[in-house]
Amino acid sequence: MDGTDSKVNLGSIPLVALNVTVRKKLGLYLNPKHTVAADWTAVAETMGFSYLEIKNYEASRNPTKTILDDWAARNSETSVGKLVSILEEVERKDIVEDLRALIDEDVRKYLETQKKKAEPPVQVPEVDSCVPRTPERSGITVDDIPGGIPEMFDAFICYCQSDFEFVLEMIRELEQTEYNLKLCVFDRNVLPGSCVWTITSELIERRCKRMVVVISDEYLDSDACDFQTKFALSLCPGARSKRLIPVVYKSMTKPFPSILRFLTVCDYTRPCTQAWFWVRLAKALSLQMRSFK
């Protein structure tokens, strides 16, 4: 591609670099069923989705968006360059040409953001001396010992405030029973006064073996839950380490999040399996993780 492509290898740019505008326009090109030009089904097949998966995606209001999200979640090697190659492979070079300027702009913005993140902050010595020198921050949870070993947890609980009653039940069933698990519940364990996103990332990546995602209609509208889920998925593309465990505890009117569709769900809404719910969840949280730091 002109401009950006002549200087940057698009194969090294993750799919997350593409903004909403490009994704919407891809849907406008690929969602309609064409008798001649390849549509989203051809793209999905080239991405490696099975026939049954593609048939399931037909129920989605925006199948192009759904396959992009699922492709990125299950495959750590997705990139802007790979997407462009797929579009060219299914003979949709027209899309590549029409969206070239927008893709170049998104890549440029992404690279600028990454460059700013890599630059060391300009700080006076007094402020710099307060930043922990170790890879893991201390003093962010109630039981952290300053200068000591950071407090560790079996699971980070991703939830929205309207589901807090179920989180309390989870604490009773998993911490105060023979399972004796240790859960990280933000409202209970995290000290106030720190940057929410920084602390959340630290806890999910370094302090918690797994993350339980409490799925509900309200969860789908929560920016915090969206960030936590996507961050955890980025640490284990394809769920190879079984880090994420989705939990549904009440009926939903909205569709289940497509980004988690490929994970096995622990469902509390089915009366016939409720008796096994806590046993299954506790067992999943107790499994050893090979790559946990």
Side-chain angles (χ1 to χ4, degrees), residues 15-16 18-28 30-33 39-41 43-44 47 49-50 52-75 78 155-170 185-187 196-197 200 204 210-234 236-239 242-274 277-278 280-281 284:
L15 205 61
V16 71
L18 296 183
N19 219 321
V20 175
T21 300
V22 169
R23 293 169 185 264
K24 283 185 176 180
K25 287 185 178 294
L26 282 171
L28 292 175
L30 295 171
N31 285 340
K33 284 285 186 179
D39 57 21
W40 68 269
T41 59
V43 173
M47 286 176 172
F49 290 100
S50 68
L52 289 178
E53 287 175 320
I54 293 173
K55 291 297 290 182
N56 287 334
Y57 290 141
E58 288 180 353
S60 173
R61 295 174 61 183
N62 188 347
T64 299
K65 176 183 181 300
T66 304
I67 64 171
L68 286 175
D69 288 343
D70 285 6
W71 186 49
R74 68 167 61 181
N75 189 341
T78 57
F156 181 92
I157 310 301
C158 172
Y159 63 94
C160 60
Q161 290 300 316
S162 60
D163 298 323
F164 195 67
E165 285 298 321
F166 180 73
V167 174
L168 293 176
E169 184 177 358
M170 192 179 295
V185 178
F186 202 92
D187 290 294
V196 173
W197 309 119
T200 300
I204 294 172
R210 289 183 168 77
M211 186 167 92
V212 175
V213 186
V214 181
I215 308 294
S216 65
D217 287 339
E218 294 77 14
Y219 159 91
L220 296 172
D221 296 325
S222 169
D223 290 337
C225 290
D226 182 66
F227 168 79
Q228 293 166 12
T229 302
K230 289 179 178 175
F231 180 77
L233 277 174
S234 73
C236 57
K242 300 181 181 178
R243 182 185 283 265
L244 247 71
I245 303 174
V247 167
V248 177
Y249 80 98
K250 62 182 180 181
S251 59
M252 298 175 60
T253 59
K254 299 178 181 179
F256 189 83
S258 61
I259 200 170
L260 298 176
R261 189 176 297 162
F262 64 96
L263 294 174
T264 304
V265 177
C266 206
D267 193 346
Y268 193 67
T269 64
R270 298 171 60 195
C272 59
T273 61
Q274 273 187 5
F277 177 85
W278 296 113
R280 293 177 65 224
L281 183 56

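We count residues from 1, following the sequence as given.
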Between [atom1] of [X] and [atom2] of [Y], what distance do you get to the nearest 0.5 Å?
X	Y	atom1	atom2	value
F256	I215	CZ	CD1	5.0 Å
D163	S222	CG	OG	9.5 Å
M170	F277	CE	CZ	6.0 Å
L68	L18	CG	CG	8.0 Å
D70	I259	CG	CD1	7.5 Å
T64	L26	OG1	CG	7.0 Å

Problem set entry | V196/F186 under side-chain contact (heavy atoms from CB on, under 4.5 Å): CA gap, chis, key distance, verdict | CA-CA 10 Å; V196 173; F186 202 92; 4.3 Å; yes
Exercise. Which residues satisfy the side-chain contact (heavy atoms from CB on, under 4.5 Å) test with T273, sequence neighbours excluded?
Worked result: R270, W276
Exercise. Can you list the residues that meet the salt bridge (charged side-chain N to carboxylate O under 4.0 Å, His left out) rule with E58, with sequence neighbours excluded?
Worked result: K55
Test item: [X] and [Y] side chains (from C-beta on) under 4.5 Å apart, heavy atoms:
X	Y	answer
Y57	S258	no
T200	F227	yes
F49	T41	no
Q228	I157	no
M252	L220	yes
D187	Q161	yes
V213	C225	no
L260	L233	yes

How far apart are the closest heavy atoms of [X] and [Y], and which atoms are they?
X	Y	answer
P246	T264	CD-O, 3.5 Å
R210	I245	CD-CD1, 4.0 Å
A232	L244	CB-CD1, 3.0 Å

Seminar exercise, completed: ring pair (Phe, Tyr, Trp, His ring centres under 6.0 Å) filter on F166, not counting sequence neighbours, yields Y249, Y268, W278
Seminar exercise, completed: Those residues at least two apart in sequence (or on a different chain) that pass ring pair (Phe, Tyr, Trp, His ring centres under 6.0 Å) with F164 are Y159
Exercise. Under 3.5 Å, side chain of R23 to main-chain N/O of K65, donor-acceptor pair present?
Worked result: no
Exercise. Have N19 and T21 got a donor and an acceptor in their side chains that come within less than 3.5 Å?
Worked result: no
Problem set entry | Pairs involving residues 257-267, ordered by first then second residue, that meet salt bridge (Lys or Arg N to Asp or Glu O under 4.0 Å) (sequence neighbours left out) | none
Exercise. What pairs meet the salt bridge (Lys or Arg N to Asp or Glu O under 4.0 Å) rule with one or both residues in residues 218-229, with sequence neighbours excluded?
Worked result: E218-K250, D221-K254, D226-K230
